[in-house]
Amino acid sequence: MQFTYDEFCGSDILEIKDEVYNYLIKARRHKIDDEIYFRNLKDENIYLYKLSFIDKKKALLNLLSKEEKILVNEKKLHIGWCIIDPKTVEKYITSLNEIGVDKITFIYSDFSQKNFKINIDKLQKILINSSCQCGRSNIIKLEISKNLEQFVKENENVYFLDFSNTSITDKKDEIKTLVIGCEGGFSQKEREKFNKDFVVGFDSNLILRSETAVISACSKIIL
């Protein structure tokens, strides 16, 4: 772990209990006078605390220093991800956080199964743990859009990943917002509304799963 997350860190005295206590004291076996880095992921600061008190259910730490330390990618990428099985999203979203995706909007497209429900709170917890491991000073912003038409209206210069003779590699410096289809891709009705100049594809004839496509596309654009 690069740091420990606690929403209340930043105060002169920090009290930890429950999950954070169990992790630091019982699992990591920190002791009095150990120094531990924390972030609250609300500001850009990293806080250094010294452990001063431990009992059976809680511990207290004293603030030693704070430093503004921004660790994010310079390239800002917004992904419109047409909704797939939430379990698959939960499995792969940590990779997108590590790659440095700035924002994901989950879109109910024509081929999305409407019974799939995205649990934003659960995903945020997964992302917090991911940032603790990779050192990122924030997490991916998450939103939900009711359909593709609404998403396009609310965002400028939206690119679409689909079958295309225009390689995503050739457009990577221009792409700020990219839509990834769900299983089955996009419907004909949706494709008819695409700006043909904003459709990009991979240099491959193979059909990718949605999760493979989103990780591949983000890697090509950001890394």
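Quick caveat: nothing in here was measured; it's all calculated off a predicted structure.
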(Q) Run the side-chain hydrogen bond (donor to acceptor under 3.5 Å, both in side chains) test against S210 and tell me which residues pass, sequence neighbours left out. (A) W81

**Q.** F106: partners by ring-ring contact (aromatic ring centres under 6.0 Å, His included), with sequence neighbours left out
**A.** none

(Q) Can you list everything that forms a ring-ring contact (aromatic ring centres under 6.0 Å, His included) with H78? Sequence neighbours excluded, please. (A) F151

Q: State whether the side chain of D110 and the backbone N or O of F186 hold a donor-acceptor pair below 3.5 Å, judged by distance alone.
A: no

Q | For T169, side-chain contact (heavy atoms from CB on, under 4.5 Å) partners two or more places apart | A | S167, K220

Q. Run the side chain to side chain contact (heavy atoms under 4.5 Å, CB included) check on D170 and I168 step by step: do they pass?
A. CA-CA 5 Å; D170 295 336; I168 189 173; over 6 Å; no

Q.
Does K76, at its NZ atom, have more than 12 non-hydrogen atoms belonging to other residues, nucleotides or ligands within less than 6.0 Å?
A. yes

Q.
Check whether S52 reaches the backbone of L60 with its side chain - one donor and one acceptor, N or O, closer than 3.5 Å.
A. yes

(Q) Closer than 3.5 angstrom, by distance alone: can the side chain of S112 be matched with the main-chain N or O of I83 as a donor-acceptor pair? (A) yes

Q: Considering only Ile, Leu, Val, Met, Phe, Trp and Tyr, and joining two whenever side-chain heavy atoms are under 4.5 Å apart, list the other residues clustered with M1.
A: F8, L14, I16, V20, Y21, Y23, L24, I25, I32, I36, F38, Y47, Y49, L51, I54, L61, L63

Q: Sequence neighbours left out, what passes ring-ring contact (aromatic ring centres under 6.0 Å, His included) with F198? Give chain and number order.
A: Y159

Q.
Checking the side chain of N40 only, and the main-chain atoms of D43 only, is there a donor and an acceptor separated by less than 3.5 Å?
A. yes

(Q) Less than 6.0 angstrom from the centroid, inside 45 degrees of the normal: does R39 satisfy that with respect to the ring of F3? (A) yes

Q: Tell me whether the centres of the aromatic rings in F202 and F163 are closer together than 6.0 Å.
A: no

Q | SB check K141 D102 (cutoff 4.0 Å) | A | yes

Q: Please name all residues satisfying side-chain contact (heavy atoms from CB on, under 4.5 Å) with K176, sequence neighbours left out, ordered by chain then number.
A: K75

Q) Hey, which of I104, T105, I118, I120 is the one that makes side chain to side chain contact (heavy atoms under 4.5 Å, CB included) with E143? A) T105

Q) How far apart are the C-alpha atoms of L71 and I46, what are their side-chain angles, what is the distance that settles it, and do they pass the side chain to side chain contact (heavy atoms under 4.5 Å, CB included) test? A) CA-CA 10 Å; L71 288 178; I46 189 164; over 6 Å; no

Q) How would you list, by chain and number, every residue that makes a salt bridge (charged side-chain N to carboxylate O under 4.0 Å, His left out) with E174, sequence neighbours excluded? A) K171

Q: Report yes or no: does T177 contribute a side-chain atom to a donor-acceptor pair with the main-chain N or O of V158 at less than 3.5 Å?
A: no

Q: Just jot down the side-chain contact (heavy atoms from CB on, under 4.5 Å) partners of Y92, sequence neighbours excluded, or say none.
A: T88, R209, E211, I215

Q) Is a side-chain N or O of N155 found less than 3.5 angstrom from the main chain of V152, in a donor-acceptor match? A) no

(Q) One pair to check against side chain to side chain contact (heavy atoms under 4.5 Å, CB included): S130 and E98. What are the steps and the verdict? (A) CA-CA 7 Å; S130 168; E98 292 168 13; 3.9 Å; yes

Q) Taking only residues two or more places apart in sequence or in another chain, which ones pass salt bridge (charged side-chain N to carboxylate O under 4.0 Å, His left out) with K193? A) E149

Q: Could you pull out all residues at least two apart from D18 that satisfy salt bridge (charged side-chain N to carboxylate O under 4.0 Å, His left out)?
A: none

Q.
Quick one, E44 with K69, criterion salt bridge (charged side-chain N to carboxylate O under 4.0 Å, His left out). Give me CA distance, side-chain angles, the key distance, then yes/no.
A. CA-CA 6 Å; E44 300 291 353; K69 193 172 185 180; over 6 Å; no

Q | Residues that D121 engages under side-chain contact (heavy atoms from CB on, under 4.5 Å), provided they are two or more places apart | A | N119, Q124

Q) Can you tell me if S216 uses its side chain to pair, donor with acceptor, with the backbone of T212 under 3.5 Å? A) yes

